[in-house]
Amino acid sequence: MATDMTKNVIAKRIEINGIVQGVGFRPFVYNLANHFGLKGEVANTASGVYIHIEGPVAKIEFFEKDLIKKIPPLAYVVEMYSHSESLKDFTDFRIVKSKGGTAMTTLIAPDVSVCDDCLNELFDPNDRRYQYPFINCTNCGPRYTIIDDIPYDRPKTSMRHFKLCPSCQAEYGDPSNRRFHAQPNACAICGPHVTLFDNRQKKICAADSIEKAAMLLKQGFILAVKGIGGFHLAVDACNSRSVARLRNRKLREEKPFAIMSYDLESVRNYAAIESAEEKLLTSIQRPIVLLKKRTPHTISEEVAPRNKYLGVMLPYTPLHYLLLKYGFTALVMTSGNLREEPMAISNDDAFEQLADIADYFLTHNRDIYLRSDDSIVKHIAGTARFIRRSRGFTPIPIFLKHQVPSILACGAELKNTICITKGDKAFLSQHIGDLENMATYEFFKLTIAHLERILEIIPEIIACDSHPGYLSTQFAEEQQNIRKIQVQHHHAHIISCMAEHRLNGPVIGLSFDGTGYGTDGKIWGGEILVVEEKRFERVGHLSYVPMPGSTAAIKEPWRMAVSYLHDAFGQELWSLELPFLEEIEGQKLKVISEMITKGVNSPQTSSLGRLFDGVAAITGVRNRVNYEGQAAMELEMLATEKIDSIYEYEWVSDEAYQILPAPIIRGVVRDLQKGLSPSEISAKFHWTLVRLFASLCDRIRREHHLNRVVLSGGVFQNSLLLTGLIQALEKNNFQVYSHKLVPSNDGGIALGQAMVAAAVFR
Ligand code: ZN
Ligand code: ZN
Ligand code: FE
């Protein structure tokens with residue numbers, strides 16, 4: 001057998017493109033070749049990695065199979081070509097210097113969690129990195145957040161200040177070592193260190209700063225902890241007084257806090273974990289996963305008040321592991337920021353921003369060059385859906401169906417991200433935040449400059465929202481000597497989802513969100529569009545109602561409730577004796593009523609998000625919100641599972657179908673007066689929308705001969721609506737497309753803007 005194999009010696013040339021540099025790919029190939037006794041060489045090239053391999057044909061087959069199957073965790077293969085080559089009679093297998101200049105077009109890996117090999121060393125008293133909080137290797141640790149230029153090499157990272165000690169240097173230079181060319185490689189002798197301070201920047205001396213920090217957390221103190229992409233604020237999640245104090249100091253009334261637990265077993269104490277969720281929690285990206293709370297549990301109600309879910313993540317840095325091993329069920333780990341500003345990344349920033357919030361600071365001297373918030377996902381309808389796509393995922397590109405020009409898309413206003421295209425790839429930035437203050441705007445500009453630099457792009461086109469008031473739009477308008485393209489908000493939403501699925505139009509697009517600037521200057525958000533890359537037709541929408549007080553109506557859903565009731569009942573609404581109105585001052589109601597009838601400071605809206613708000617207020621969920629989408633979310637959480645009826649619905653056909661909210665609102669009020677519970681009303685409301693939109697899609701299918709429906713917009717973070725609509729449409733033989741790679745909310749919209757601009761440019 002062996003002789004047969006050696007007779008048949010061949011050579012192959014294999015080229016691999018994708019994220020294959022700085023992720024341990026060459027040592028992996030080297031070890032694999034040696035494992036099979038194959039000869040040849042491996043090198044980085046301008047676009048990826050090149051392998052020359054020679055040996056017995058059967059062994060090369062095994063080699064090629066394992067090359068795909070066993071790739072290093074951080075590697076991401078986009079294309080792999082394999083050709084026959086002539087034998088060059090290599091005598092061994094070696095890693096050689098880069099071919100074809102420096103690798104400029106290569107992709108940078110995201111920041112991922114500490115790997116199992118490093119974890120084992122971390123807790124091994126005999127290892128030279130025992131309890132060293134910056135342990136890492138080529139398979140793990142920070143990447144994107146510590147780079148300030150390319151190529152990805154130590155002098156271009158924040159590790160440039162740490163000179164490798166002889167032991168670390170030896171590992172770095174040894175191709176068979178897990179730390180071969182691991183740029184952040186370090187140890188306690190040569191690498192970064194943690195230091196504990198109080199909030200007046202006085203150093204706290206302790207034999208073990210991390211242990212001391214853990215003890216302070218146990219005593220109920222608030223700790224600022226420097227992580228990978230920025231600072232977190234931590235408190236013991238089971239200590240209600242501490243969590244309440246954090247809320248007070250952070251001026252964050254009810255928006256849920258994320259929590260972190262040591263392992264899955266700890267999480268099971270307070271949340272139910274399905275197997276798909278377990279995979280998400282333990283994935284190397286370590287996102288925050290929204291999990292259903294279990295009852296009873298010991299996590300403080302203050303962590304996520306009135307919420308069925310908890311945002312949970314597992315530790316992702318060695319420092320997290322060292323801190324959490326002191327027996328916490330969970331720690332609150334919320335972004336270390338003030339109000340809605342970007343979180344602190346430098347030590348100076350942290351002391352300045354957080355001194356009035358945190359009691360102590362656990363910091364270190366490895367700089368963070370680029371801020372990156374935690375990613376958030378929720379498993380809905382069989383797939384992980386991004387609520388926020390950031391750490392662990394950026395800067396992995398979205399791979400497009402064809403080449404596009406270099407475009408910078410500026411995103412919308414809330415949950416802003418930007419998108420830069422290069423060739424057939426679209427790079428969506430990490431989460432930037434709500435562009436409502438100068439600090440976030442600065443971060444927006446910095447992220448654009450940073451991505452342009454590391455991607456080596458000078459954009460030819462700049463795309464933005466058509467809302468004239470957005471800072472992102474104004475930024476685009478201010479740029480000189482560049483083609484500018486404004487993209488309608490809901491068009492961009494649908495195109496972002498089509499780009500993910502590499503779809504060509506036309507399709508039916510359901511674009512549902514809270515706010516987007518319409519082509520008629522009104523506020524859209526319940527839109528049924530027939531969408532092509534370049535253009536769209538608005539074929540249906542919720543009929544307009546006034547938003548009394550404009551943005552005040554977003555913060556105070558009772559205003560929307562009055563508006564919808566006014567639309568459904570006219571002046572009779574005042575005799576309905578609805579409980580939610582009792583809470584509102586009579587004078588205020590009078591003013592709002594007049595604003596509605598006279599159209600004063602009451603822009604017209606077709607937003608589905610606002611309809612959710614209105615129904616939430618009418619059913620008594622809440623009259624005011626503390627964060628965006630709160631009322632709608634709480635309404636969703638209330639819904640019972642079983643209902644057997646829905647509300648009447650109706651649309652009128654004008655230029656476009658106009659869906660009337662009035663019959664639904666009248667149904668809700670009737671049920672309320674009959675004494676139906678808010679849970680039943682919520683469920684009926686959700687299923688009404690499912691039936692309504694499914695049947696309207698059916699009508700549009702017949703008229704436009706379209707069978708594909710694309711779902712996008714922030715309202716699709718609603719599990720019930722997303723799951724229900726997918727089921728109803730698929731049952732009706734539609735092909736349904738929803739988001740899997742980018743958020744359905746405005747965090748994904750920059751991708752759509754870029755793709756529309758590319759189409760217009762073509
Ligand atoms: Zn590792
Ligand atoms: Zn060292
Ligand atoms: Fe939107």
Side-chain angles (χ1 to χ4, degrees), residues 23-24 27-28 72-74 109 111-123 127-129 132 134-143 154 159 162-173 177-193 284 316-318 321 411-417 434 465-467 470 472 487-497 509-518 523-527 529 554 605-610 628-629 711-717 739 742-753:
V23 293
F28 155 69
L74 271 174
D111 307 282
V112 298
S113 71
V114 55
C115 73
D116 288 345
D117 291 331
C118 287
L119 263 188
N120 287 335
E121 292 171 354
L122 182 68
F123 291 119
D127 193 274
R128 72 184 190 92
R129 290 191 182 83
Y132 180 56
F134 301 93
I135 189 169
N136 69 80
C137 70
T138 37
N139 298 328
C140 74
R143 292 288 186 280
R154 190 148 168 137
M159 290 303 293
F162 304 96
K163 192 176 179 313
L164 289 160
C165 71
S167 306
C168 287
Q169 182 68 53
E171 294 166 336
Y172 185 87
N177 194 286
R178 208 171 85 239
R179 298 193 166 90
F180 176 67
H181 281 200
Q183 307 304 347
N185 190 26
C187 72
I189 293 165
C190 66
H193 281 98
I284 58 170
Y316 53 87
T317 69
Y321 275 100
E413 181 167 63
L414 300 180
K415 302 182 173 72
N416 182 276
T417 63
D434 298 346
D465 200 277
S466 49
H467 195 302
Y470 288 174
S472 53
V487 183
Q488 199 281 323
H489 191 92
H490 300 92
H491 185 202
H493 267 310
I494 298 300
I495 294 286
S496 72
C497 189
L510 301 187
S511 201
F512 296 161
D513 65 2
T515 302
Y517 192 74
I523 299 168
W524 293 10
E527 312 305 312
L529 313 173
I554 300 174
T605 187
S606 60
S607 161
L608 185 57
R610 294 292 85 77
E628 197 217 351
L711 311 177
S712 188
V715 167
F716 284 110
Q717 288 171 130
H739 285 282
V742 306
S744 66
N745 61 42
D746 288 3
I749 208 164
L751 173 64
Q753 292 174 348

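In listed order, ligands and their atoms are each counted from 1.
When you scan the N, O or S atoms of D746 for the one nearest the Fe ion (ligand 3), you land on OD1.
With the Zn ion (ligand 2) as the vertex, SG of C190 and SG of C165 span 120° to the nearest 10°. Between the OD2 atom of D513 and the NE2 atom of H493, the angle centred on the Fe ion (ligand 3) amounts to 100° when rounded to 10°.
Comment: R128 does not engage E121 in a salt bridge, judged by the lack of any side-chain N to carboxylate O separation of less than 4.0 angstrom.
Neighbours of the Zn ion (ligand 1) restricted to protein N, O or S atoms under 2.8 Å: the count is 4.
Residues C115 and C137 come closest through the heavy atom pair SG-SG, 3.6 Å. Nearest approach of H490 to G516, heavy atoms of both residues: CE1-CA, 3.5 Å.
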Residue pair T515, S607: steps toward the side chain to side chain contact (heavy atoms under 4.5 Å, CB included) verdict: CA-CA 6 Å; T515 302; S607 161; 5.7 Å; no
Show your reasoning for whether side chain to side chain contact (heavy atoms under 4.5 Å, CB included) applies to D513 and H489. CA-CA 10 Å; D513 65 2; H489 191 92; 3.0 Å; yes
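Atom CG of D465 and atom NE2 of H491 lie 12.5 Å apart (nearest 0.5 Å).
Here the two rings, on F716 and F512, have centers that are under 6.0 Å apart.
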